[in-house]
Amino acid sequence: MFRPSQRLLTAADYSQVFKDPDHKAGQKELLLLARHNDLAQHRLGLAVAKKHVPTAVKRNIIKRLAREQFRVLAQETPAMDIVVLTRPGARDASSTHIKEALKKQFARLGLSASPS
RNA sequence: GGAGUUGGCCAGACGAUCGCGGUAUUGUGCAUCUUUGAUGCGGGAUACGGAGGAAAGUCCGGGCUCCAUAGGGCAGGGUGCCAGGUAACGCCUGGGGGGCGCGAGCCUACGGAAAGUGCAGCAGAAAGGAAACCGCCUUUCUUGGACCGCUUAAGGCUGUUUGUUCAGCUCGACGUGGUUUAUGAGGAGGGUAAGGGUGAAAAGGUGCGGUAAGAGCGCACCGCGCGGCUGGUAACAGGCGCGGCGAUGGUAAACCCCACCUGGAGCAAGACCAAAUAGGAAUCCGUUGGCUGCGGCCCGCAGUGGAUUCGGGUAGGUCGCUAGAGGCCAGCGGCGACGCUGGUCCCAGAUGAAUGAUCGUUCACGACAGAACCCGGCUUAUCGGCCGACUCCUCUA
RNA sequence: GCGGGUGUAGCUCAGGGGUAGAGCAUCUCGUUGCCAACGAGAAUGUCGACAGUUCAAAUCUGUUCACCCGCU
């Protein structure tokens, strides 16, 4: 389930994270920005640029994988707003590669997958 | 066994768990109201089904929607061997011509240049009702060479004379006349299109005869044109006769001519519901007309005052949206594309836009790639695999 | 998704069948003590790619690739 309350909805939400991120984690394909919020849960924002990933199918897969990874996060850690950005290297990366990259970068933010 | 041609099919498979979007059924929460029921939204359970052969490029054709029911003329655009198929096509099938290949087979924008206009740089003599540069032939003139005749200075020989001399013969510069038959150079006139050279292209080709040299000048074959005939629906093919071919070169993906086709825009079309502006100001034009629909023009039809500037404002939802020139099977007609008849099936419909992740088994380890109104084609991308038909070569019997 | 447009020198653009140009930039020389400006000269293109038509293609035709613009 991916409810509206778990998403970054407005431009203001996004710009807050862009402007003043508490944590950054990235590699050739991806960049994650995170900022602590006052809410009870994490929120996710996606920015998958057409410039970086030209085909719609590939963009959808990346977004889906990011949501999947977000979904299995442990909820114990302090709640954060997280934005997933693509970088030019994402164009030629395979879906398994993207998945590994997401897992790794989420871990660097101190957010590991819940054991359940 | 090897090499090759061609038609069609498949697009990893199976299972489990989680997740994504749709439809149906069924609970549920919230909101509204015509308040014990409806409608809408959110989320849940169950069941069913969920990308392609190219979904791509947008190169053609059609359906559908609106503009007039899609109308008339001109312009513009497209197609271009013939016949058929089709809703239609620039597509497909069959046939013809041409080209390539030993062959199966493949390729082919393939109407008209004797209706007209244009174009062809450079080179070349000449580039389109052509001309004669070199060359070849011929007539004539001039001038050489060679030969012959005549004449003659000098010379030679013989005779004569003491000698000068004289006579005869011979040779013969120069001059002059003629010939030139395997003759040089030049001028003028004529013939010629064989040959040379230039060019992408030089006005039928090859051979024999013929001629002063040559030439369709004549003949044979091929090519071309015209007219019958035969076969074929036709394109066209075959054969006969005629024309000697200075006529009719090339280019029409140059203008053009001929035949046929062609109105415009596109689902962001368009329809409906709700909200908002609901026409506020200024200037100009006009009411036999103008403007808009309408895409170049005119006619016609319909609607209506119009244009510009300033100021203000809206863009949320539903339908269109998938049952269709549909798929599969069988029979019949047709060489075939395809058509007809019967049976059977329902097979994605999203709107930030759905197919993935994990695990297991297995194989030949998986390419190009993702629907957005729908369909028929073409083109382009593509790992491989399967089936059928055929050709050539080699070997064995 | 639908519609339209553009690819020519390092950059901005002409050229629309006869063998490719302009401006700026670059290089050389002159001028100057040096630089700029100025003057003189030079170099530079598979005309986005592949086929076709033509004697000949940047130009005409088809296919293809890349980029840009408009419509919610």
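As the structure is a computational prediction, the values presented were derived from the model and not from experiment. Basis for what follows: all heavy atoms, side chains included, without hydrogens, waters or symmetry-related copies. Proteins come first, then strands; the chains are lettered A, B, ... in the order of their sequence lines, and each starts at number 1.
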Residues forming a ring-ring contact (aromatic ring centres under 6.0 Å, His included) with A/His97, sequence neighbours excluded: none

Pairing partner (Watson-Crick or G-U wobble, both distances under 3.5 angstrom) of B/rU292: B/rA302

Mate of B/rA364 where both pairing distances stay under 3.5 Å, Watson-Crick or G-U: none

Pairing partner (Watson-Crick or G-U wobble, both distances under 3.5 angstrom) of B/rC174: none

Syn/anti state of C/rA14 by chi, 90° boundary around 0: anti

Pairing pattern in dot-bracket form [Watson-Crick, G-U; both distances under 3.5 Å; | = partner strand] for RNA chain C: ((((((((.[[[[.)..(..]]]].(((((.......))))).....[[[[[..)....]]]]]))))))).

Anti versus syn assignment for B/rG53, with syn defined as within 90° of 0: syn

Anti versus syn assignment for C/rC11, with syn defined as within 90° of 0: anti

Heavy-atom pair with the smallest gap, counting every atom of A/Leu33 and A/Lys24: CD2-CG, 3.6 Å

Watson-Crick or G-U wobble partner of B/rA24, both distances under 3.5 Å: B/rU46

N or O in side chain of A/Lys58 less than 4.0 angstrom from B/rA369 OP1/OP2: no

Contacts of A/Asp81 that satisfy side-chain hydrogen bond (donor to acceptor under 3.5 Å, both in side chains) - sequence neighbours left out: A/Asn37, A/Arg43

Rounded distance in Å between the C1' positions of B/rC9 and B/rG112: 47 Å

B/rG197 versus B/rA131 - spacing of their C1' atoms, nearest Å: 16 Å

Pairwise C1' distance, B/rA202 and B/rA120 [rounded to whole Å]: 14 Å

Interatomic distance at C1', B/rG43 relative to B/rG342, whole Å: 50 Å

Closest nucleotide among B/rU358, B/rG356, B/rG370 to the A/Lys99 side chain: B/rU358

Sugar-phosphate only, base, or nothing, as touched by A/Lys63 at under 4.0 Å among non-hydrogen atoms: nothing

Nucleotide opposite B/rC208 in a Watson-Crick or G-U pair, distances under 3.5 Å: B/rG218

Value in whole Å for how far the C1' atom of B/rG19 lies from CG of A/Leu44: 16 Å

Complementary nucleotide for B/rG388 - Watson-Crick or wobble, under 3.5 Å: B/rU6

Short side-chain N/O contact from A/Asn60 to OP1 or OP2 of B/rA354, under 4.0 Å: yes

A/Leu102 CG - B/rU358 P separation (whole Å): 12 Å

Anti versus syn assignment for B/rG290, with syn defined as within 90° of 0: anti

Whole-Å C1' distance, B/rA268 and B/rC299: 35 Å

Rounded interatomic separation in angstrom, taking CD1 from A/Ile61 and P from B/rU358: 12 Å

Syn or anti for B/rG228 (syn when the glycosidic angle lies within 90° of 0): syn

C/rG18 versus C/rC60 - spacing of their P atoms, nearest Å: 11 Å

Strand partner of B/rA188, provided both Watson-Crick or wobble distances fall under 3.5 Å: B/rU139

Partner nucleotide, any strand, of B/rA56 [Watson-Crick/G-U, under 3.5 Å]: B/rU379

